[in-house]
Amino acid sequence: MSNLLQEETVSKIASFDGIDVYTIKTDKFKTSSINVFFHTNLDRQRVTKNALIPAVLRRGCRRFPTFQEIALHLEELYGATFDCGVTKMGERHIIQFYIEFVSEVFTEEGSKQFDKAFDLIYGIITQPVLEKGAFKDEYVKQEKENLKRLIESRVNDKMQYAVEKCLEETCKDEPYGIYDYGFVSDLRDINAQNLYEQYIAMLETYPVQVYIAGSASDDSVEKAVEKLKSLRPKTGGDFGDLSDKKLSGPSQDSFNKSVTEVRNVVERFSVNQGKLSLGFRTNTRPDSKDYYALLVYNGILGGGVHSKLFQNVREKASLAYYAFSRLEKFKGLMVVSSGIEIGNKDKALEIILQQIAEIKAGNITDYEFESTLKTIETNVKSLRDNQLQIVTHYLGQSIANTNDTFDDLIRKTSQVTKQEVVDVAQKIQLDTIYFLTSKEQA
Amino acid sequence: MDIKTVKYDKIGETLYIYEHKSGLKAFLIPKKGYSKKYATFATHYGSINNEFIVPGEENVTRVPDGIAHFLEHKLFEQKDGSVMDKFSKLGSNPNAYTSFSQTVYLFSCTDKFDENFQLLLNYVQNPYITEESVEKEKGIIGQEIRMYEDDPNWRSFFNLLGAFYKSHPVKIDIAGTIESISQINREILYKCYNTFYHPSNMVICVVGDLEPESVFEQVEKYIEHSESRDEIKRLFPDEISSLNKDYVEQSLAVSTPLFQMGFKDDPKGLSGFETLEREVAVKILLEMIMGKSSALYNELYSQGLINNTFDFDYTIEENYAFSMFGGESPDPVKVRDIISSKIEEFHKTGLNREDYERIRKAVNGKFLRRFNSVENISHLFVSVYFRGVNIFDYLDVYDKMNFEYINEIFSKHFNLSNLALSVVKPA
């Protein structure tokens, strides 16, 4: 192991009030970052408001009451980047805030980059612009309109839409079927007052993770931790923590779903190219030993140029420019997607299903198997070269209730055998066939 | 072995340079502590080079649109199968892309760099193209073209280029059309290959935790040509300096209209370094005029006329240049009118020096951030290299940048008679 590069490891440095603070120390980047994640469950009742909260918060805070003033301040911090939004990981809904800034070594002496960046992100999260004891009405109205447009314009990117929509259809009657940015029809009843109430609930009760990555000094980090201690109300709130059983994770029984009948869903647009997506249940939890075999399975099926999908759908049959498979590990799903000539749908479907049958029957070449293991190793090692990906890796570990470092992940996948891949293949079930097609197609 | 070393202490980076006897230059930018190693082998040949005179010939060669991109696809095929398979066995990620003026072959790996690098150098120098494989590729590229036909951002981008340019080939889709690629055959592909893939027309750039001697020894060993060659004459039609059209629109399956607009620029006569200066100046100006801290952005945003998707950029090459800005909007024409009147106002009242100072600092910080990523460094390096400069020249550009020059470029570039708008509307 001595020839391995030193790992970008995570350390939990504080834990209080349902807030966990982690540092990932490294000086190989020119920048440092602070990432704040609020965790909650994905549900219809809260999803749209959760999506709207960061959009309203980014408009201004007490110290910088307008978006323009925040932008000016970011420029003063040598072009720091601030962003926020929501995402789903399995049936967990995550509200995230992020700031990345040039590390102090590359700035003029005495410019306290970390302290200033922390103050800004903390101010945006905790001190919104208020009006009559609620959010500023103008900001809420405008951001409702922006969110409406964001939800509606999902269809603009057909490639991504066909993947997301397929998985939503697969989980039509489960929380995972909910789009992370919510519902246009739920916007009508949201106002500055009830949105503010949910924001207060977020602040007071949602479990929080803070990741500080880069080269911040211990002193600065300590000061930041002190400030975080005033995030929750002084009276002591009913905050959950990340081990809370009420929080959605792979431990819930939402995992194993037996498919009785494959559903067919067709959606029509004015398009030239059809997008065929297949949604599968892997019936494999991310905290089980089988998960590593599933990773290898996915690599063999559609995880790169060596994969069965790329080789057969694209290289041999010339049916597509892209054909891949991807896992949603937290909910036990897999999606296969490809862009094809509309008239070739049946042919493409047949070839895709044939590849799945091949793995199930144990037909995996040494080339496919070895290339997959090596590709996974390369991809995992490469994650370490990107600060945001390092943070996302550890966030994912915490949601999956696993504790794998990058090296653990590489070691455990490298020990997977062909037989284990074939075994995991038996559990994978096709659930939904989604086809995005033209208006003219019969 | 003659290796040149240039240190850039201010940003903590070093550049190693080696020149091969064929005229090919190779560069290494070491990144200590990084797992990923990234190597590119690129040729100064892209989608715009569809008319040229082969060195030693007299006649002009005219080739079908999309051929540079087609050739990029075909180089992966080797006598003993696809080279992708060999990279896959090593666990590395091979890739390639074609832009207006370059074709770039690359891989990233974390292990066995030497074997991967040798593979890259070998396959790019040894094409193996059969008629059968050309026909097969037409199906795959056909689907790539179809995919872009349905991509509203791509369409609004190319429609704007069509508004800027009457005849310059930059307006033609990089992959060509289903019709144009149907004319491609083995013979024309080889002709293009032999013309543009001589080492003297190429560059190698390696980024990662590596030693210069071992990288350059491989270059020395595996570059097959030993002699330099005469220059290729690249021909371009005469282009008008004014716009071709000032407005274009198309209907697609989108929910909200999308738009791109921008100013057509004229870079003729600029040296490589001057193109970098122009680029940085226009980018600073775009930030000053319509960046997130500007009054204009905030006015458009609070009126609901733009959203988070609004963005801008500037492109400059030897014989074409343009700025471009856009995103989603319920009323792109109104956005254009508001932007136009604001720019007119700046022409009358002048620019603000404080804005300039603050934004220069921010843009400089963002440039520094690009050095976080081995792929970002490589892409940027290759994208400016054939203009006769390297990425570290940006440091000098930032040092020399001043408010007077910014004002000069503002008057030159932000000329409203060169402003065109492209809209993609819901079908």
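Quick caveat, the model's predicted, so the values are computed rather than measured. The chains referred to below are lettered A, B, ... by the order of the sequence lines, with proteins before strands, and numbering in each begins at 1.
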* Between A:T378 (side chain) and B:G91 (backbone), is there a donor-acceptor pair under 3.5 Å? -> yes
* **Donor-acceptor pair, side chain of A:N272 and main chain of B:R146, under 3.5 angstrom** => no
* Pair A:R314 + B:E144: basic N to acidic O under 4.0 Å -> no
* Asked: Taking the side chain as C-beta and beyond, is there a heavy-atom pair between A:S153 and B:V254 under 4.5 Å?
  -> no
* Is the closest basic N to carboxylate O distance between A:R149 and B:E328 below 4.0 Å? -> no
* To do: Could you grab the distance from atom CD of A:E75 to atom NZ of B:K366, nearest 0.5 Å is fine?
  => 7.0 Å
* Donor-acceptor pair, side chain of B:Q143 and main chain of A:E341, under 3.5 angstrom -> yes
* Working for side chain to side chain donor-acceptor pair (under 3.5 Å), residues A:R154 and B:S255 -> CA-CA 8 Å; A:R154 281 182 88 190; B:S255 59; over 6 Å; no
* Gap between atom CD of B:E375 and atom CG of A:N386 - 0.5 Å precision -> 8.0 Å
* Taking the six-membered ring for Trp, are A:F29 and B:Y34 parallel (under 30°), tilted (30 to 60°) or perpendicular (over 60°)? -> perpendicular
* **Any donor-acceptor pair under 3.5 Å from B:D150 side chain to A:Q273 backbone** => yes
* Asked: How would you list, in number order, the residues of residues 285-295 of chain B that have a heavy atom less than 4.5 Å from chain A?
  -> B:E287, B:K292, B:S293, B:S294, B:A295
* Asked: Just by distance, do the side chain of B:S88 and the backbone of A:S371 share a donor-acceptor pair under 3.5 Å?
  -> no
* To do: Hey, could you give me the OG/CD distance between B:S302 and A:E138, rounded to the nearest 0.5 Å?
  => 6.5 Å
* Asked: Going through the checks in order, is the salt bridge (Lys or Arg N to Asp or Glu O under 4.0 Å) test met by A:K30 and B:E13?
  -> CA-CA 11 Å; A:K30 310 275 186 217; B:E13 301 288 351; 2.7 Å; yes
* Nearest-0.5 Å distance that lies between atom CG in B:D85 and atom OH in A:Y367 -> 3.5 Å
